[in-house]
Amino acid sequence: MSELKVPEINRITLSGRLTRDPEKRYANDGTPITSFSLAFNRRYRTRDGQTSEQTGFVTVMCYQRLAEVCAQFLHTGSPVVIEGRLQMREWASARGEKRQ
């Protein structure tokens with residue numbers, strides 16, 4: 001019996017609003033990089049019938065020409081739809097705690 005070949009796809013689409021103005025900087029090689037935080041909401045009904053809302057936050061990074069356009073036209077509160085790939089990063093806080 002052969003294994004089922006499943007293509008590896010890393011694709012994500014999010015819609016939400018910017019929580020702060022984009023921050024533009026340049027990499028050592030001169031490549032423009034713009035980052036901003038995106039907030040998105042999920043509304044759902046609880047088991048007892050109440051409507052509840054959960055908010056999530058994600059940091060978005062844009063490169064090259066897209067970084068220039070985002071820095072120029074986006075601002076706090078701008079509604080956006082983002083399509084790209086998901087990348088998880090880990091680091092240690094000042095207290096030595098692991099963060100993602």
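Just so it is clear, the values below take in all heavy atoms, side chains as well, and ignore hydrogens, waters and symmetry mates.
- Here Phe57 is tied to no hydrophobic group at all, with no ILVMFWY side chain closer than 4.5 Å.
- In Gln64, the CD atom is not crowded: 12 or fewer heavy atoms of neighbouring residues, nucleotides or ligands sit closer than 6.0 Å.
- Between Leu74 and Pro22 the shortest heavy-atom distance is O-CD, 3.4 Å.
- Remark: Asn28 CG is loosely packed, at most 12 non-hydrogen atoms of other residues, nucleotides or ligands lying under 6.0 Å away.
- The shortest non-hydrogen separation linking Ser35 to Arg20 is O-NH1, 3.9 Å.
- Residue Arg43 holds its CZ atom at 8.5 Å from OG1 of Thr55, rounded to the nearest 0.5 Å.
- Rounding to the nearest 0.5 Å places OG1 of Thr59 at 9.5 Å from CD of Glu23.
- In the hydrophobic clustering of ILVMFWY residues, with side-chain heavy atoms under 4.5 Å counting as a link, Val69 and Val80 come out apart.
- The NZ atom of Lys24 sits 11.5 Å away from atom CD1 of Ile33, with the distance rounded to the nearest 0.5 Å.
- Ser52 places no side-chain N or O within donor-acceptor distance of the main-chain N or O of Tyr44, the cut-off being under 3.5 Å.
- We find the CG-CG distance between Asn10 and Leu86 to be 5.5 Å, quoted to the nearest 0.5 Å.
- A continuous path of ILVMFWY side-chain contacts below 4.5 Å connects Phe36 to Ile12, so both sit in one hydrophobic cluster.
- Distance CZ/Arg99 to CD/Glu90: 12.5 Å, rounded to 0.5 Å.
- The shortest distance between side-chain heavy atoms of His75 and Leu18 does not fall below 4.5 Å.
- For the atom pair SG of Cys70 and CZ of Arg65, the computed distance is 10.0 Å after rounding to the nearest 0.5 Å.
- Follow the hydrophobic side-chain contacts under 4.5 Å out from Leu66 and you never reach Phe73; the two are in separate clusters.
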